[in-house]
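Notes follow once the structure below has been shown.
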Amino acid sequence: MPNAYQLMSTEELDALIAQLEEKTDEIRARKLSLDMARGKPSAEQTALSRPMLDLLTSDTPLVDGNGIVDNYGTPDGLPSARRLAAEILGVEAENVIVNGSSSLNLMHDLVANGFVHGIAGQKPWYQQGQVKFLCPSPGYDRHFAVSASFGIENIPVPMGADGPDMDVVRELVEGDPQVKGIWCVPKYANPTGITYSDEVVRAFAALKPAAPDFRIFWDNAYVVHAFGEQDDELLNIFAALEEAGNDNLVYEFGSTAKVTFPSSGIAFVTASPADMAEIRAAFAVERVSSEKFSQLAHVLFLRDLAGVQEQMAKHAAIVAPRFELVERKLTDGLGELGIADWTHPHGGYFVSFEGPEGSAKAIVSLMKELGVVMTGAGATWPYGNDPRDTNIRIAPTYPSLEDLSSALDVFVVVVKLVAARLERASR
Ligand SMILES: Cc1ncc(COP(=O)(O)O)c(C=O)c1O
């Protein structure tokens, strides 16, 4: 179906462009300085966790079950922190390691381990020729940066409304032994905000990889990050693996980066018992045991899954109005034109925006000119190469509602102008 601009006469289109250019001149004169670039919680959100800082004092008992907090030991993490992480991910605590403050760091360590040392009794990846990782796109730029940093070839895989295209994934994973991994954010994906359907999760669990050292990097970063009552249900990948009679296939990650403090949360990984034995051995070379004061503080503060959910409801109260504002502004400004599309997530940190073909770079660049920083166009694709140049990641959590509102008003004008210019240029 033709969009509203395609239906306009050239005279009408020229008049519209002139009118929108006038608006952008007005905006430019306001010398805005707004940031919609990265998925970070706002100061109001991080303030929710400040009481955690009062829970560790010189009088706090520094023991946790058989764990000693103020000395080496319990390299898998404090028992109570492992229980908390296991509850968040819905897995067995004995298969969880809590380590450090960044899940991305754990992912990097495990890619490095496969690359340098090898896993599952296979040669290190660096000795196996050109290895590959699958990158459902649009996806998380920092995932793609990890594999790219080792010279691993990142292969884009189409993302749909219910997860990656599993026919493409199956063909590549089962047909090509050079494929060693796939990056997944199965719930409230970065940036589309979609949650993988049961069918997609089951298809992942049923994979029969050509490479015995292939692993799914299941980054469940947004597992508890719903905005409200309507929380998407994600099938537990380990339950699906059991159902499929499959094993040693998934590394699952999580962290409290967006529950408590980004870069000062606790991070965790879980996998099959055999994979955990390998991971434990790899980590044992890296450090004696991990930082435990933060683990203790998190357990004292969050207690259990119910405590986490309580905390997340407070985040939701702050975050939900921002996502509602994005939906309202985009619908009011662009809804009836048919020139763009965007996602309507129930949780997570992002809205994924699809403009007309060939528009994303121009939109982000004009936004910058007008004083609004957005995530770079193309960042959601491997090597920054969005082949149709359509995808823009909107990150609404960090700015104030007022700033977000101004930024979205600018965005609507800019999208219209770029789309109108593209249509004009095509005539
Ligand atoms: C999908 C995803 N995974 C991981 C991270 C980073 O997590 P961490 O701070 O635990 O390294 C982010 C941060 O934006 C993310 O969006």
Side-chain angles (χ1 to χ4, degrees), residues 35-42 45-46 49 77 81 84-85 88-89 96-112 133-147 149 154 159 163-164 181-196 216-227 232 234 237 250-270 290-291 294-295 298 302 308 312 315 319 322-323 343 345 347-352 374-376 379-382 391 393-398:
D35 191 339
M36 253 201 320
R38 291 232 68 99
K40 294 199 291 195
S42 61
Q45 284 179 269
T46 53
S49 301
L84 175 64
I88 292 173
L89 297 181
V96 172
I97 292 178
V98 181
N99 187 91
S101 63
S102 161
S103 58
L104 189 68
N105 198 169
L106 298 178
M107 294 172 228
H108 179 275
D109 277 356
L110 294 184
V111 173
F133 260 54
L134 306 186
C135 302
S137 301
Y140 180 36
D141 52 350
R142 292 186 192 275
H143 281 162
F144 305 163
V146 168
S147 34
S149 77
N154 281 336
M159 259 306 255
I182 179 168
W183 293 113
C184 294
V185 185
K187 189 166 177 184
Y188 302 136
N190 179 349
T192 62
I194 65 109
T195 296
Y196 294 8
I216 299 165
F217 284 66
W218 198 252
D219 177 5
N220 216 343
Y222 299 112
V223 58
V224 288
H225 297 63
F227 304 145
D232 294 355
L234 173 70
I237 184 76
V250 174
Y251 294 159
E252 181 173 11
F253 304 87
S255 82
T256 66
K258 285 157 187 172
V259 177
T260 56
F261 299 113
S263 91
S264 300
I266 56 172
F268 28 91
V269 57
T270 186
S290 61
E291 197 278 330
S294 180
Q295 293 183 21
H298 274 79
L302 297 169
V308 171
M312 294 317 292
H315 280 287
V319 162
R322 286 169 166 78
F323 280 86
T343 55
Y349 263 68
F350 305 100
V351 170
S352 182
M374 305 196 67
T375 310
T380 53
W381 284 74
N391 187 252
R393 189 178 80 163
I394 298 179
T397 56
Y398 189 67

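Here the structure is a predicted model, which is why all the values come from computation and not from measurement. Numbering starts at 1 and runs along the sequence shown. Counting starts at 1 for both ligands and their atoms, in listed order.
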If you measure every N or O of N190 against every N or O of ligand 1, does any of those distances drop under 3.5 Å?
yes
Tell me, which protein residue and heavy-atom name are nearest atom 7 (O) of ligand 1, and how many Å apart are they?
S103 OG, 3.3 Å
Can an N or O of S263 be found at a distance shorter than 3.5 Å from an N or O of ligand 1?
no
Checking heavy atoms under 4.0 Å, the part of A257 that sits near ligand 1 is side chain
Can you tell which part of R142 has a heavy atom less than 4.0 Å from ligand 1: side chain, backbone, both or neither?
neither
Can any side-chain N or O of S103 pair as donor or acceptor with the backbone N or O of S255 at less than 3.5 Å?
no
Is the F133 to W183 ring centre distance short of 6.0 Å?
yes
Looking only at protein heavy atoms, identify the closest one to atom 13 (C) of ligand 1 and say how far it is in Å.
K258 NZ, 3.1 Å
Do V146 and M107 have side-chain heavy atoms sitting under 4.5 Å apart?
no
Between D219 and ligand 1, which part of the residue brings a heavy atom under 4.0 Å of the ligand: side chain, backbone, both or neither?
side chain
Distance under 4.0 Å to a non-hydrogen atom of A221: what atoms of ligand 1 satisfy this?
1 (C), 2 (C), 3 (N)
According to the interplanar angle, ranging from 0 to 90°, do the rings of Y222 and F350 count as parallel (below 30°), tilted (30 to 60°) or perpendicular (above 60°)?
perpendicular
Just to be sure I read this right, does ligand 1 sit under 4.0 Å from the backbone of Y222, its side chain, both, or neither, counting only heavy atoms?
side chain
Quick one, P138 and W381 - any side-chain contact, counting heavy atoms below 4.5 Å?
yes
Find the distance between CG (D141) and NE2 (H143) and round it off to the nearest 0.5 Å.
9.5 Å
Under 4.0 Å, heavy atoms only, figure out whether ligand 1 is touched by the backbone of S255, its side chain, both or neither.
side chain
For atom 12 (C) of ligand 1, what is the closest protein heavy atom, and at what distance to 0.1 Å?
Y140 OH, 3.2 Å
Can any side-chain N or O of T397 pair as donor or acceptor with the backbone N or O of K40 at less than 3.5 Å?
yes
Main-chain N/O of G265 paired with T256 side-chain donor or acceptor, under 3.5 Å
no
Which one of G39, A395, S102 has a non-hydrogen atom at the shortest distance from atom 11 (O) of ligand 1?
S102
